[in-house]
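One-based numbering along the sequence shown. Quick caveat: nothing in here was measured; it's all calculated off a predicted structure.
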Amino acid sequence: MAPVLPLVLPLQPRIRLAQGLWLLSWLLALAGALALLCSGHLLAQLWHLHTFLAPSCPFAALPHVALAAGAVALGTGLVGAGASRASLDAAHYPPWRKVLGPLLVVGTAGGGGLLVLALGLALALPGSLDTGLEEGLGTALAHYKDTEVPGHCHAKRLLDELQLRHHCCGRHGYKDWFGIQWVSSRYLDPNDQDVVDRIQSNVEGLYLIDGVPFSCCNPHSPRPCLQSRLSEPHVHPLFDPRQPNLNLWAQGCHRVLLGQLQDLASMLGSMLAVTFLLQILVLLGLRYLQTALEGLGGVIDGEGETQGYLFPSGLKDMLKTAWRQGGVADTPAPEEAPPEEAPPKEGLPEA
């Protein structure tokens with residue numbers, strides 16, 4: 001049975017293969033470390049923004065899988081660098097002969113599977129961010145006023161910090177605040193006729209105003225912050241409500257956060273793709289180096305040519321051999337029948 005993808009490796013190609021694998025392994029370790037950093041940074045950003053992301057959004061699974069894939073790639077690169085360097089010295093290679101087999105299995109099945117899964121998530125999950133942020137920001141805006149409600153008492157502070165840090169206002173714009181009650185009823189005067197009229201004029205009994213929280217104001221604006229009665233053009237002198245960006249943040253937080261998280265996911269996906277390519281090259285090279293050295297007893301500078309391969313025989317032949325061996329092992333050998341005894345010779349009649 002012929003081996004799969006055999007490659008004849010004389011002395012000089014074997015040495016160049018080991019040297020090249022040492023360099024590729026360090027590049028793989030570097031790529032794995034960068035993938036760890038990118039996924040860790042994305043995970044930290046999601047931890048800070050979890051209040052504004054719907055709990056059902058699956059995007060949070062991406063950095064966790066990428067962390068595991070990066071860790072396996074980093075370990076594969078470090079072990080591959082050690083094994084390829086040791087293969088150049090017959091005295092140091094024997095301990096690594098027992099490591100290469102498990103490394104190839106773990107790197108191919110575990111690391112390769114995790115990298116493929118992480119790459120798939122990096123390509124598929126960013127689309128779920130739109131819906132997740134839409135729902136999460138809507139919930140955060142609705143609970144902005146609930147400063148004394150258990151479980152939502154920090155919503156106001158977190159949303160104000162978000163708008164100030166990311167220079168955004170509302171979910172899609174400053175007018176989102178016009179459609180929700182963002183002032184707590186505790187701070188409304190029930191004897192104020194304007195308050196009573198606004199509440200009674202709303203079907204749901206909400207106190208709605210054409211104003212925004214202070215965190216929507218742009219500190220770079222040359223004029224004082226205008227927060228209330230923004231839809232009335234004659235209330236504020238020299239203020240044009242058709243150009244609110246002169247006083248308020250122009251962008252909604254949904255657009256800002258979506259762009260930021262998608263950029264991080266794109267960067268992580270690119271890093272995972274490079275890591276996946278390097279891992280394939282390292283694992284293939286290590287397999288050819290391992291099988292080539294096995295033919296020389298672990299001595300890379302042994303005389304003559306040797307052959308490296310991926311599998312000792314074709315997949316069909318390997319399965320057939322395993323099936324036959326299993327069938328022979330399971331089938332009991334037939335018991336040998338005892339030799340038949342020769343019939344007794346009849347005695348000759350006496351004379």
Practice task
May I ask you to test the I280-F276 pair for a side-chain heavy-atom distance under 4.5 Å?
Solution key: yes
Practice task
Kindly give the heavy-atom pair with the smallest separation between Q181 and Y207, and that separation in Å.
Solution key: OE1-N, 3.0 Å
Practice task
State whether the side chain of D160 and the backbone N or O of R157 hold a donor-acceptor pair below 3.5 Å, judged by distance alone.
Solution key: no
Show which side-chain atoms of residues 114-143 pair as donor or acceptor with protein atoms under 3.5 Å away, not counting sequence neighbours.
from: S128; atom 1: OG; to: L125; atom 2: O; distance (Å): 2.6
from: D130; atom 1: OD1; to: H254; atom 2: NE2; distance (Å): 2.9
from: E134; atom 1: OE1; to: H172; atom 2: NE2; distance (Å): 2.9
from: E134; atom 1: OE2; to: H172; atom 2: NE2; distance (Å): 3.0
from: T139; atom 1: OG1; to: E135; atom 2: O; distance (Å): 3.0
from: H143; atom 1: ND1; to: D146; atom 2: OD2; distance (Å): 2.9

Problem - Gamma sulfurs of C216 and C169 within less than 2.5 Å - result: yes
Exercise for the section: Enter the distance from Q262:CD to F59:CZ here, rounded to the nearest 0.5 Å. Expected result: 8.0 Å
Problem - Distance, nearest 0.5 Å, that separates CZ of R255 from NE2 of H166 - result: 15.5 Å
Fill in the blank from the handout: Rounding to 0.5 Å, atoms CG (L23) and CG (L28) come to a distance of 11.5 Å
Exercise for the section: Write down the atom of S39, the atom of L67, and the distance for their closest heavy-atom approach. Expected result: OG-CD2, 3.2 Å
Handout entry: CE on M271 to CG on L34, rounded to 0.5 Å
Key = 5.0 Å
Exercise for the section: Determine, stepwise, if the pair S25 / L78 fulfils side chain to side chain contact (heavy atoms under 4.5 Å, CB included). Expected result: CA-CA 7 Å; S25 297; L78 293 177; over 6 Å; no
Completion exercise
Closest non-hydrogen contact found for L17 with G285 is CD2-O, 4.1 Å
Practice task
Kindly give the heavy-atom pair with the smallest separation between C253 and Q163, and that separation in Å.
Solution key: SG-CG, 3.9 Å
Problem - L21 side, atom CG; R287 side, atom CZ - distance, nearest 0.5 Å - result: 13.5 Å
Fill in the blank from the handout: Here the pair of heavy atoms bringing S84 nearest to A18 is CB-O, 3.6 Å
Handout entry: Any donor-acceptor N/O pair, Q227 side chain to V212 backbone, under 3.5 Å
Key = yes
Exercise for the section: Starting from W47, walk the hydrophobic network (Ile, Leu, Val, Met, Phe, Trp, Tyr; side-chain heavy atoms closer than 4.5 Å) and list everyone else you reach, by chain and number. Expected result: none
Handout entry: Aromatic plane relationship, W182 with Y144 - under 30° parallel, 30 to 60° tilted, over 60° perpendicular
Key = perpendicular
Problem - L261 vs L42, side chain to side chain contact (heavy atoms under 4.5 Å, CB included): CA-CA, chis, key distance, verdict - result: CA-CA 8 Å; L261 293 177; L42 178 58; 4.2 Å; yes
Problem - Nearest-0.5 Å distance, CG of residue L159 to OG1 of residue T51 - result: 9.5 Å
Problem - Over all atoms of both residues, closest heavy-atom pair of A73 and T275 - result: CB-CG2, 3.5 Å
